[in-house]
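Let me begin by presenting the structure, written as structure tokens, before commenting on it.
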Amino acid sequence: MPNSATPTHCPYCALQCGMNLTPLQDGGVAVVERPDFPVNKGALCGKGRTAPAVLSSSVRLTSPLVRSPAGTLVPATWDEALDRIAEGLARTRTEHGPDACGVFGGGGLTNEKAYNLGKFARIVLGTSQIDYNGRFCMSSAAAAGMKAFGLDRGLPFPLEDIPRTGCVILVGSNLAETMPPSLRFFNELRENGGTLIVIDPRRTKTAEQADLHLAPRPGTDLALALGLLHLVVAEGRVDEEYVQERTAGWEDARAAAMAHWPEYVERITGVSVPQLREAVRMFCEPEHAMVLTARGPEQQSKGTDTVGAWINLCLATGRAGRPLSGYGCLTGQGNGQGGREHGQKADQLPGYRKLDDPAARRHVAEVWGVDPDSLPGPGRSAYELLDALGTDIRSLLLMGSNPVVSAPRAAHVEERIKSLDFLAVCDVVLSETAALADVVLPVTQWAEESGTTTNLEGRVLLRRRAVTPPEGVRSDLEVMHELAARLGGERGLEKGFPTDPEEVFEELRRASAGGAADYSGITYRRLAEENGVFWPCPAAPGTTGATAADAVEGPEGSAGTEDCEDASLDAIAVADDPAQDDEATGTAVHPGTPRLFLDRFATPDGRARFVPVTHRAAAEEPDDEYPVLLTTGRVVAQYQSGAQTRRVDELNAAAPGPFVELHPRLAARLGAAEGDPVAVVSRRGRAVAPARITTGIRPDTVFMPFHWPGEGRANTLTNPALDPTSRMPEFKACAVRVEAVQQ
Ligand SMILES: Nc1nc2c(c(=O)[nH]1)N[C@H]1C(S)=C(S)[C@@H](COP(=O)(O)OP(=O)(O)OC[C@H]3O[C@@H](n4cnc5c(=O)[nH]c(N)nc54)[C@H](O)[C@@H]3O)O[C@H]1N2
Ligand SMILES: Nc1nc2c(c(=O)[nH]1)N[C@H]1C(S)=C(S)[C@@H](COP(=O)(O)OP(=O)(O)OC[C@H]3O[C@@H](n4cnc5c(=O)[nH]c(N)nc54)[C@H](O)[C@@H]3O)O[C@H]1N2
Ligand code: SF4
Ligand SMILES: [Mo]
């Protein structure tokens, strides 16, 4: 056990706040401030502060579980459980072919786990059917960023640039609840004379900080952005020189925007023309400005076009690829960024390479030591994969997600999961999805293992092991190693699945080399010394693919005793100057890339692309039967499906259960008082939760957080209508009716 503080990062959101963990007498750890990490400077939200509670074996799975003949989950040995998984997957493969095996990953998994999971699916199972929960998260912004800039990195600049810009439009982000320490950057912006515009159908804690709050109807951000662009043109605020020099496609985008008259936009969105004009003035007057989107505009069946419209606004006004200006997406999960770069997405190979690109296949196949032709092609997106369970897909290996709570149309997804021939789940707790599995494997997490994550700024970070895991659990990397041995041992495949995260990272470096998300110049040693490194960070010429000498002894190295492990951690912390190895060859170390696009965009000709987009309605608009719009989201004290945070007393006290936020006028129509149970009914099902009455929401809209299973599960109601490009489901708008419930 280390006797001094171990610097690491929070297990939860994409901010990846820095924290120190110090050992306690009882073998646990306490979270202590870590002021040297620039993103949060020591500040943490309640989830980060209480994260060690989920390390406790009292809430953890500490033994593998297998489904008994009587139908209950009973403890089993690791060998028994692993054999059962290998048998289940092998049987499916023999009887139905490799594509009948599905794999579902998560954006909370470290880069090393995500990388190995994609590799495992493609070379051990040979299946194309892998996707992950990031599809439900930032996939629309990613697709729009790729189209416009040729590259997708959440923020193209560090958060520390925010206080020095002139105006920020925050579209559908409630960061006061979802990333509380980041509020500091926006407070500093306003102290410096800059302004904040928040666009949200609810007057959230974030909106309360804004200089201007626009509250559109859910699902109408595309029209809103087009209306603003129309006014930019009409008021002569286009940066013609920039548009000429750095963009392509303006004429079509301009024509599309001009069809969206402010009065028409006011009718669609409910945002008045004077407010639209005020927003344009605030955005255009300062020298620099930014647009940041989060899930509000992105989780729509037109999310890609919607983000495209916001990017168009930035491009027309010269606010992209210039210092202190730009478009960014606030990614969500702890490794929401890295998780989408290294191959657990249906169409991707490591390094943000495309699975259908022959050169990419050759490069990665060589690193993996397989024939490029043996790699499967792109598979289905997350919802489509879940929807195919029990039909085309007969067995599923799930790691890092809890779709019974978090997937759209969740009752249907739950049915699909139950109809599988075989389900294996790796988790740290018995989630609602794990409870349905045939085999559950208890795995290590966060402070119990080392690994890297990539935060919303594209900053690659090292999480360090700080505690001994509970007896009986093993890491996801060990699970993949053992399953590769059982399913591909005759081909020697287990050798490609090391259990030491640093060894996996060394391979990831080589696999990513030359790709868009190039990590080849990043080492664990550099991450420890430099407080993170921004990608792309190519290796110095001639050094691609770390040598054994370049790699530091990993914290999970074969040292065996805890003390030796500490020694290797120290070795990381005090290792030689990272430049040294390369000084020997006389080449400079790449510093990483905090700011993208300053000289050129990542398109073939270096120009950003306008996309001509026009408004369209949500997939499901209110009608007589379902006259109200439901939107969904988060509260500060719970995380995602709640699998982790619902096991923390302090967080449950702060946010004990679901609720339906509704306007007093709607409440009065129902005769519902504060706290009364109300039913929300959609074409997918019915959910019941207490009323929370507030004037801070539009009268035509209700809001539910999605963190809870059971009667108040918001996703019983949500519409799985998918964006045609990103395959993002429409979590943020569906038609419902609200009813009083007789008590
Ligand atoms: N406490 C907490 N923090 C988290 C998480 C968590 O579960 N809990 N999850 C993490 C993850 S994975 C993510 S993705 C991020 C998400 O972070 P956010 O995007 O900030 O979270 P949400 O609450 O989903 O949505 C933000 C806001 O969008 C608004 N909204 C709803 N519909 C619309 C619409 O049509 N248009 C617009 N403009 N706004 C709309 C909602 O009212 C809500 O206030 O948070 C991360 N941080
Ligand atoms: N209605 C509605 N639904 C939504 C959203 C919304 O805004 N509205 N947002 C969507 C978004 S943005 C997201 S990101 C998804 C997230 O929803 P989920 O994918 O369900 O995310 P989590 O609840 O974080 O699930 C992670 C699971 O992995 C486990 N876990 C944690 N660490 C590890 C690890 O290292 N290894 C393994 N094997 N398991 C681990 C956790 O205990 C937990 O059970 O929800 C989506 N669903
Ligand atoms: S804001 Fe996010 S990263 Fe920071 S402490 Fe809270 S959950 Fe953790
Ligand atoms: Mo997310």
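Since the structure is predicted, the reported quantities are computational estimates derived from the model, not experimental observations. Just follow the structure's listing: the first ligand is 1, and inside any ligand the first atom is 1.
Here F104 and Y132 keep their ring centres 6.0 angstrom or further from each other.
Checked against a 3.5 angstrom limit, the closest N/O atoms of T220 and ligand 1 fall outside it. Remark: ligand 1 and V635 share an N or O pair separated by less than 3.5 Å (distance only, no angle test). Between R217 and ligand 1, not a single N/O pair is under 3.5 Å apart. In terms of polar-atom proximity, T204 is not counted as a contact of ligand 1, lacking any N or O under 3.5 Å from an N or O of the ligand. Residue I199 places at least one N or O, backbone or side chain, under 3.5 Å from an N or O of ligand 1.
Proximity of a side-chain donor or acceptor of N133 to a complementary backbone N or O of G107 within less than 3.5 Å is detected. Between the side chain of T62 and the main chain of G472, no donor-acceptor pair closer than 3.5 Å is present. For the pair R713 (side chain) and V404 (backbone), a donor-acceptor distance under 3.5 Å is present. Between the N715 side chain and the V405 main chain, a donor and an acceptor come within less than 3.5 Å of each other. Between the R463 side chain and the Q16 main chain, no donor and acceptor come within less than 3.5 Å of each other.
In this structure N402 satisfies the side-chain hydrogen bond (donor to acceptor under 3.5 Å, both in side chains) test together with E432, T433, S641, sequence neighbours excluded.
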Show me the side-chain donor-acceptor pairs of residues 652-661 shorter than 3.5 Å, one per line, residues at least two apart or across chains.
| residue | atom | partner | partner atom | Å |
| --- | --- | --- | --- | --- |
| N652 | OD1 | Q638 | NE2 | 3.1 |
| N652 | ND2 | R646 | O | 2.6 |
| E661 | OE1 | R202 | NH1 | 3.1 |
| E661 | OE2 | R202 | NH1 | 3.3 |

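Contact check on D305 versus R616 returns a salt bridge, with a Lys/Arg side-chain nitrogen under 4.0 Å from an Asp/Glu carboxylate oxygen. Using a cutoff of 4.0 Å between basic side-chain nitrogens and carboxylate oxygens, K302 and D221 are not scored as salt-bridged. Taking a cutoff of 4.0 Å between a charged side-chain nitrogen and a carboxylate oxygen, E208 and K205 do not qualify as a salt bridge.
Side-chain contact annotation: N111 with T452, donor-acceptor N/O pair under 3.5 Å present. A donor-acceptor contact under 3.5 angstrom links the side chains of Y327 and T293, judged on distance only.
Close approach to D200 involves these atoms of ligand 1, each under 4.0 Å from a residue heavy atom: 27 (C), 28 (O), 29 (C), 41 (C), 42 (O), 43 (C), 44 (O). Per-residue contacts place V636 under 4.0 angstrom from the following atoms of ligand 1 (heavy atoms of the residue considered): 1 (N). Close approach to D221 involves these atoms of ligand 1, each under 4.0 Å from a residue heavy atom: 34 (C), 35 (O), 36 (N), 37 (C), 38 (N). In summary, the atoms of ligand 1 found under 4.0 Å from a heavy atom of N174, numbered by their order in the structure, are 20 (O), 26 (C), 44 (O). Which parts of ligand 1 touch R202 is read off a 4.0 Å heavy-atom cut-off, strictly below it: atoms 41 (C), 42 (O), 43 (C), 44 (O).
The aromatic rings of F120 and F497 sit perpendicular to each other, their planes meeting at more than 60°, with 30° as the lower class boundary. Classified by interplanar angle (parallel below 30°, tilted 30° to 60°, perpendicular above 60°), the ring pair H412/Y383 is tilted.
Protein residues having at least one heavy atom under 4.0 Å from any atom of ligand 2 are L109, K113, N133, F136, C137, Q299, Q333, M399, G400, S401, N402, S406, C426, D427, V428, V429, S431, V443, T444, D476, T632, R634, Y639, Q640, S641, A643, Q644, F706, N715, T718, F731, K732, listed by chain and number.
Residue S173 places a heavy atom under 4.0 Å from ligand 1.
Taking a cut-off of 2.8 Å, the protein N, O or S atoms nearer than that to atom 8 (Fe) of ligand 3 are C10 SG.
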